[in-house]
Amino acid sequence: MNPNEPLDNALLDFDLLSKLVVGIGEVSDITGVPQRQIRYWEEKGIIQSFKEGEGTTRKYDYLSIKKILLVKELLDDGFTLDAAAKKVEERMRIINEVFKKLADRSEPANE
DNA sequence: GTTCTCACA
DNA sequence: TGTGAGAA
């Protein structure tokens with residue numbers, strides 16, 4: 001973990017992460033958070049998922065997974081869901097900005 | 001495999 | 001706040 005973050009590596013990660021879409025089962029396996037808990041948090045509104053097309057199963061993208069991971073850490077730090085939700089929202093704001101920039105770089109209109 | 005609701009601690 | 005079980 002160097003203090004400087006090479007954008008080249010970030011671009012590779014972004015391409016991979018942006019395509020990462022999994023169900024609640026995968027998310028629970030990756031994050032280590034039980035499905036009930038994930039649904040529970042979503043029920044509280046601290047995280048949100050999306051249905052793909054007319055499907056019923058929840059789909060989680062990297063941002064959602066990141067949120068779940070963040071909430072998990074926050075809760076472990078002694079925060080409540082409400083407190084964690086606030087911090088998560090602020091964090092997501094920054095992450096969204098970075099992703100937007102990454103997306104812009106990842107889609108060069110021309111060589 | 002997933003979803004939901006009811007109930008309990 | 002988080003989990004159990006049953007049912008679809």
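Numbers restart at 1 for each chain; the letters A, B, ... are given by sequence-line order, proteins then strands.
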Going 5' to 3' along DNA chain B, which are the first and last nucleotides with any atom under 4.0 Å from a heavy atom of chain A?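 The protein-touched segment is B:dT2 to B:dC4.
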
Measure across [X] and [Y] and return the closest heavy-atom pair with its distance rounded to 0.1 Å.
X: A:L70; Y: A:V88; result: CD2-CA, 3.9 Å
X: A:Y60; Y: A:S49; result: CE2-CB, 3.4 Å
X: A:P34; Y: A:S28; result: C-CB, 4.2 Å

Atom CZ of A:F79 and atom P of C:dG2: how far apart are they, to the nearest Å?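 Interatomic distance, CZ of A:F79 to P of C:dG2: 14 Å.
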
Take the protein atom CG of A:D76 and the nucleotide atom P of C:dG2, then report the distance between them rounded to whole Å.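 Rounding to the nearest Å, CG of A:D76 and P of C:dG2 are 11 Å apart.
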
Apply side chain to side chain donor-acceptor pair (under 3.5 Å) to A:Q48 and list each qualifying residue two or more places apart in sequence or on a separate chain.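 If we apply the side chain to side chain donor-acceptor pair (under 3.5 Å) test to A:Q48, skipping adjacent residues, the hits are A:K67.
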
Partner set under side chain to side chain donor-acceptor pair (under 3.5 Å) for A:Q37, not counting sequence neighbours: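 By the side chain to side chain donor-acceptor pair (under 3.5 Å) rule, A:Q37 matches no residue at all.
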
Contacts table for residues 90-97 of chain A: side-chain donor-acceptor under 3.5 angstrom, sequence neighbours left out:
residue	atom	partner	partner atom	Å
A:N96	ND2	A:M92	O	2.9

Backbone of A:R58 reached by a side-chain donor or acceptor of A:K51 within 3.5 Å: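 The answer is no, because no donor-acceptor pair under 3.5 Å joins these two groups.
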
Within the structure, does a side-chain N or O atom of A:W41 lie under 4.0 Å from either OP1 or OP2 of C:dT1?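 Answer is no, no contact under 4.0 Å.
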
Residue closer to the 5' end of DNA chain B, A:E43 versus A:T57 (nearest nucleotide):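 Nearest-nucleotide comparison on DNA chain B picks A:T57.
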
For every nucleotide of nucleotides 3-8 of chain C, 5' to 3': is a protein heavy atom under 4.0 Å from its base (B), only from its sugar-phosphate (S), or from neither (-)? SBB---

Using the test side-chain contact (heavy atoms from CB on, under 4.5 Å), find all partners of A:L81 that sit at least two apart in sequence or belong to another chain.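 Applying side-chain contact (heavy atoms from CB on, under 4.5 Å) to A:L81 gives A:Y40, A:W41, A:K44, A:I46, A:V71, A:L75.
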
